Amino acid sequence: MATVEPKLILLFSGKRKSGKDYVTDLIHQRLGPDVCCILRLSGPLKQQYAQDHGLDFDELLGAGEYKEKYRADMIQWGEKQREKDPGFFCRVAIKEAQQPIWIVSDTRRLSDLQWFWREYPSQSRCVRVEASEETRRERGWEFTTGIDDAESECGLDQGVDFDWIIKNEGDGSQLEEQLATGLLSIAKEKAKED
């Protein structure tokens, strides 16, 4: 487990090209690296997948064709790992966390949320980033069978009561306003608590 007990954990989810990384990076910039850290569940998954399959880990972390080439197989491989141990990737992701606010930028399955709810029930908050299909297409998204209809993309579409839903349609001022009036102010308050 992490060496520091978090004061707030923001569990982000959203479809491909909804802008999860953009939003979480923006929050990280506003709060600062001493206050919050970004944790990615996909990092440990991709690292182990790269090791097991002799692939380039850094390329799998990127947003290019290399990752897309292996995405479907990597998803299936990750599902098999989760069947054996649902909390494995969560435990590895939080291991080095030191800051009071954790941003988990890529929760994709109910089992991810359930692990955080069980381990950190009072600190965990769910955040959904949404963008229209039109906006996602403008960002390079194209529906891919076996990926966009898999649990990794659809597992949190239903059955989750999100604490915040952030609309990310590319209007920076609207996004800033959404963050400032809710999520950021609560995160700043939590960071100050002793």
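Computed from a predicted model, the values in this text were never measured in an experiment.
- Within 6.0 Å of CD on E177 lie no more than 12 heavy atoms contributed by other residues, nucleotides or ligands.
- Using cut-offs of 30° and 60° on the angle between ring planes, the pair W77 and F89 is tilted.
- Between the side chain of Q47 and the main chain of F57, no donor-acceptor pair closer than 3.5 Å is present.
- For the pair R137 and E133, the salt-bridge criterion is met [side-chain N within less than 4.0 Å of a carboxylate O].
- Annotation for I27 and C36: closest pair O-SG, 4.5 Å, computed over non-hydrogen atoms.
- Looking at E153, its side chain never comes within 3.5 Å of a backbone N or O of I147 through a donor-acceptor pair.
- Nearest heavy atoms, R109 versus L156: C-CD2, 3.5 Å.
- Here the side chain of H28 pairs no donor or acceptor atom with the backbone of T24 at under 3.5 angstrom.
- Taking CG of L39 as the reference point, atom OG1 of T107 lies at 11.5 Å (rounded to 0.5 Å).
- With respect to E68 and R16, a salt bridge is recorded, a charged nitrogen being found less than 4.0 Å from a carboxylate O.
- For the atom pair CH2 (W102) and CD (E5), the distance works out to 7.0 Å, reported to the nearest 0.5 Å.
- Inspection of the D25 and Q29 side chains reveals no N or O donor paired with an N or O acceptor under 3.5 Å.
- One finds a salt bridge joining K167 and E130 here, because a Lys/Arg side-chain nitrogen approaches an Asp/Glu carboxylate oxygen to under 4.0 Å.
- Side-chain N or O atoms of S132 include one that pairs as donor or acceptor with a backbone N or O of T135 at under 3.5 Å.
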Assess the residue pair V129 and S13 against the criterion (side-chain contact (heavy atoms from CB on, under 4.5 Å)); give the C-alpha distance rounded to whole Å, side-chain angles, the decisive distance to 0.1 Å, and a yes or no. CA-CA 6 Å; V129 177; S13 68; over 6 Å; no

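- Remark: the R108 side chain and the S152 side chain contain no N/O donor-acceptor pair separated by less than 3.5 Å.
- The backbone N or O of A131 sits nowhere less than 3.5 Å from a side-chain atom of N168 that would complete a donor-acceptor pair.
- Rounding to the nearest 0.5 Å places CD of E119 at 8.0 Å from CZ of R91.
- Using a 4.5 Å cut-off on side-chain heavy atoms (C-beta onward), R128 and K15 make contact.
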Run the numbers on L41 and F88 for side-chain contact (heavy atoms from CB on, under 4.5 Å), then give the verdict. CA-CA 9 Å; L41 301 180; F88 175 77; over 6 Å; no

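- Across all their heavy atoms, R82 and D112 have their closest contact at NE-OD1, 3.5 Å.
- At least one side-chain heavy atom of I103 sits less than 4.5 Å from a side-chain heavy atom of F12.
- Side-chain atoms of R40 and L45, non-hydrogen and from C-beta on, never get closer than 4.5 Å to each other.
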